[in-house]
Amino acid sequence: GQSLEQPSEVTAVEGAIVQINCTYQTSGFYGLSWYQQHDGGAPTFLSYNALDGLEETGRFSSFLSRSDSYGYLLLQELQMKDSASYFCAVSRQGGKLIFGQGTELSVKP
Amino acid sequence: DAGITQSPRHKVTETGTPVTLRCHQTENHRYMYWYRQDPGHGLRLIHYSYGVKDTDKGEVSDGYSVSRSKTEDFLLTLESATSSQTSVYFCATGETSYEQYFGPGTRLTVT
């Protein structure tokens with residue numbers, strides 16, 4: 001089987017740093033992706049890690065540890081517009097992408 | 001942004017009727033996907049395609065079928081709609097499985 005675990009909700013204040021964790025169990029693992037979704041709209045791609053380590057894209061960074069089946073998304077200098085749902089997703093052999101249930105991030109003033 | 005459109009955007013239908021949702025892309029992406037999104041379940045993969053006439057099942061494929069006769073179009077059919085299929089349906093495309101571009105979604109209500 002396969003499973004992904006991420007917190008359902010996270011709250012942080014504007015300007016702060018927040019980390020959203022994701023643990024996974026799956027066979028045929030290729031890599032871990034992160035997506036953002038505002039208010040039920042179309043999800044948008046944020047980042048992808050195939051190898052261990054940290055990938056940085058502006059205010060967002062993503063980390064992967066394949067040996068621990070663990071990754072996280074780090075959001076720095078939080079802004080109100082970062083309030084959204086964030087999904088981790090495992091890329092598997094054969095072209096499938098399996099999503100976690102999502103973390104709702106609320107950024108407070 | 002990838003040009004991905006979904007039609008219809010909203011549909012209300014009765015239990016037992018067949019329903020077809022259409023996804024159209026202008027990016028010539030290899031992969032196309034259908035997901036459903038329900039509260040508490042995130043995005044669940046229904047079916048996907050890795051090329052014209054090449055499709056495979058996802059996590060929640062029962063009651064759904066797909067067809068891809070052209071690169072740009074991916075159709076999702078609910079053979080006999082049930083109330084449990086009330087959901088928001090998203091189409092996605094990509095050249096890789098890990099970086100997907102999503103359409104605006106179709107809100108389907110089965111009464």
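In what follows, chains carry the letters A, B, and so on, assigned in the order in which the sequence lines appear, proteins first and then strands, with residues in each chain numbered from 1.
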For this session: Report whether A/Y70 and A/L32 are members of the same hydrophobic cluster (ILVMFWY, side-chain heavy atoms less than 4.5 Å apart, transitive linking).
Result: no
Exercise. Hey, is CD on A/Q93 packed in by over 12 heavy atoms from elsewhere, all under 6.0 Å?
Worked result: no
Problem set entry | Spacing of A/L97 atom CG and B/L45 atom CG [to the nearest 0.5 Å] | 8.0 Å
Exercise. So if you build clusters from Ile, Leu, Val, Met, Phe, Trp, Tyr with side-chain heavy-atom gaps below 4.5 Å, do A/I98 and B/Y89 land together?
Worked result: no
Exercise. Do the side chains of A/Q37 and B/F90 get nearer than 4.5 Å, heavy atoms only?
Worked result: yes
For this session: Group every Ile, Leu, Val, Met, Phe, Trp and Tyr by side-chain heavy-atom contacts under 4.5 Å, then state whether B/Y64 and B/W34 land in the same group.
Result: yes
For this session: Can you measure from OG1 (B/T96) to CZ (A/F45) and round to the nearest 0.5 angstrom?
Result: 7.0 Å
Exercise. Quick one: salt bridge (charged side-chain N to carboxylate O under 4.0 Å, His left out) pairs with a partner in residues 60-87 of chain B, sequence neighbours left out?
Worked result: B/R22-B/D73, B/K70-B/D73
Exercise. Looking at A/G95, A/S8, A/S33, A/G41, which has the largest count of heavy-atom pairs under 4.5 Å with chain B?
Worked result: A/G95
For this session: Calculate, to the nearest 0.5 Å, the distance between atoms CD and CD belonging to A/Q101 and B/Q37 respectively.
Result: 11.0 Å
Problem set entry | Residue, of B/Y33, B/Y50, B/Y31, that accumulates the most heavy atom pairs under 4.5 Å with chain A | B/Y33
For this session: Answer with yes or no after comparing the ring centroid distance for A/F99 and B/Y35 against a 6.0 Å cut-off, counting only values under it.
Result: yes
Exercise. Using a cut-off of under 4.5 Å for heavy-atom pairs, which of A/G31, A/A42, A/P43 has the most such pairs with chain B?
Worked result: A/P43
For this session: Using the rule that two of Ile, Leu, Val, Met, Phe, Trp, Tyr join whenever any of their side-chain heavy atoms come within less than 4.5 Å, decide whether A/L51 and A/L64 are in one cluster.
Result: no
Seminar exercise, completed: Applied to residues 24-77 of chain B, the disulfide (SG to SG under 2.5 Å) test, sequence neighbours excluded, yields none
Exercise. Would you call B/Q100 and A/Y35 a side-chain contact if the rule is heavy atoms closer than 4.5 Å?
Worked result: yes
List the atom pairs, with distances to 0.1 Å, where a side-chain N or O of residues 103-111 of chain B and a protein N or O form a donor-acceptor pair under 3.5 Å, not counting sequence neighbours.
{"unit_1": "B/T106", "atom_1": "OG1", "unit_2": "B/Q6", "atom_2": "NE2", "d": "3.4"}
{"unit_1": "B/T106", "atom_1": "OG1", "unit_2": "B/P8", "atom_2": "O", "d": "2.6"}
{"unit_1": "B/T111", "atom_1": "OG1", "unit_2": "B/T13", "atom_2": "O", "d": "3.3"}

Exercise. Which bit of B/Y98 comes within less than 4.5 Å of chain A, counting heavy atoms only: side chain, backbone, both or neither?
Worked result: both
For this session: Determine whether more than 12 heavy atoms belonging to other residues, nucleotides or ligands lie under 6.0 Å from atom CG of A/D68.
Result: yes
For this session: Tell me the residues of residues 83-92 of chain A whose non-hydrogen atoms fall below 4.5 Å from those of chain B, in number order.
Result: A/F87, A/S91
Problem set entry | Co-membership, hydrophobic cluster, residues B/V19 and B/L75, 4.5 Å side-chain | no
